[in-house]
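Shown next, in structure tokens, is the structure this report addresses.
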Amino acid sequence: MIEFESVTKRYPDGTVAVDELSLKVETGQITVFVGPSGCGKTTALRMINRMIEPTAGRILIDGKDVTTRPEAELRREIGYVIQGAGLFPHRTVLDNVATVPILQGVTRRDARSSALGLLERVGLPANLGERYPSQLSGGQQQRVGVARALAADPPVLLMDEPFSAVDPVVRDDLQQELLRLQGELGKTIVLVTHDIDEAIRLGDEVAVFAQGARLAQFAPPADLLAA
Ligand code: ADP
Ligand code: ADP
């Protein structure tokens with residue numbers, strides 16, 4: 001479980017991006033942070049893996065304050081997927097997925113063979129493994145981004161607008177793929193989106209962020225719709 005305990009982030013210019021946020025992300029569920037641009041979703045997400053440090057409050061993962069955890073350990077435990085996939089442009093698709101495991105000491109051969117399996121899992125044809133990211137469609141790149149994040153087999157996956165850069169048909173397909181993978185792998189996922197329909201479709205729990213860095217609602221989709 002990931003717990004935000006009255007977490008505030010004030011940037012050096014005085015902007016309060018997150019204001020005393022408290023919520024719990026349950027293990028094995030998809031929790032969605034949704035809301036308009038600028039209401040602090042990305043800032044909240046990036047504090048989970050310490051890409052951004054809170055100004056006040058604490059974030060606990062399984063009861064441990066993230067600020068006491070070595071960053072290398074957090075990187076292994078928490079995968080990260082961003083809009084546009086953020087792939088290494090000068091490495092092939094297969095190497096994009098295999099690189100982190102190789103850095104962690106897995107042999108090149110084993111890493112590449114698991115990478116192939118992962119690409120299959122996210123619905124990418126194996127013959128695309130030797131291509132470079134620029135030779136793939138946006139939707140395909142996004143699949144590679146998910147495969148790369150899964151390669152270290154992290155229990156937690158952070159996803160920041162993972163499907164925003166692809167067209168609606170591909171988005172639909174990727175959303176279904178994510179739900180299928182989630183059913184299969186049972187990861188703890190925190191996903192940021194500005195799209196309320198996506199939040200309702202994917203979220204076990206939905207945190208609705210409002211202007212002014214406030215949390216307006218936090219509930220399962222069915223309860224949001226009833227409110
Ligand atoms: P969202 O993900 O909901 O669009 P962000 O977390 O990116 O929101 O941003 C929340 C607020 O913090 C916005 O007002 C944004 O302009 C501001 N902000 C984000 N990053 C910085 C930064 N590095 N320095 C100053 N202000 C920032
Ligand atoms: P999507 O609907 O998934 O975004 P696109 O219509 O963009 O797909 O691409 C369709 C096909 O064209 C894909 O199989 C993709 O591999 C291929 N493709 C797209 N861009 C390139 C490129 N620059 N070089 C080679 N193949 C490409």
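What you are looking at is a predicted structure, and each value in this text was computed from that prediction instead of being measured. Numbering of ligands and ligand atoms starts at 1, following listing order.
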Within-4.5 Å side-chain heavy-atom neighbours: D195 and R171: yes
Pair Q175-R201, side-chain donor/acceptor within less than 3.5 Å: yes
Residue part near ligand 1, for T42, under 4.0 Å between non-hydrogen atoms: both
Contact atoms of ligand 1, heavy-atom distance to A17 under 4.0 Å: 10 (C), 11 (C), 12 (O)
I59: which of N49, V25, V66 passes side-chain contact (heavy atoms from CB on, under 4.5 Å): V66
Atom indices of ligand 1, in the order listed, that fall short of 4.0 Å to a heavy atom of T43: 5 (P), 6 (O), 9 (O)
Closest protein heavy atom to atom 17 (C) of ligand 1, given as residue, atom name and distance to 0.1 Å: T15 CG2, 3.8 Å
Mutual orientation of the aromatic rings belonging to F33 and F209 [parallel < 30°, tilted 30-60°, perpendicular > 60°]: tilted
E73 bridged to R76 by N-O distance under 4.0 Å: no
Per atom 3 (O) of ligand 1, closest listed option by heavy atom (M47, K41, K9): K41
Within-cutoff protein neighbour (heavy atom, under 4.0 Å) for atom 5 (P) of ligand 1: yes
Side chain, backbone, both or neither: the part of V192 lying under 4.0 Å from ligand 1 by heavy atom: neither
Closest protein heavy atom (residue, atom, distance) for atom 18 (N) of ligand 1: Y11 CE1, 3.4 Å
Polar side chain donor-acceptor pair, R75 to Y80, under 3.5 angstrom: no
Test item: side-chain donor near acceptor, D65 and T67, under 3.5 Å: yes
Among P36, C39, G38, closest by any non-hydrogen atom to atom 11 (C) of ligand 1: G38
Heavy atom of the protein closest to atom 8 (O) of ligand 1 (residue, atom name, distance): G40 N, 3.1 Å
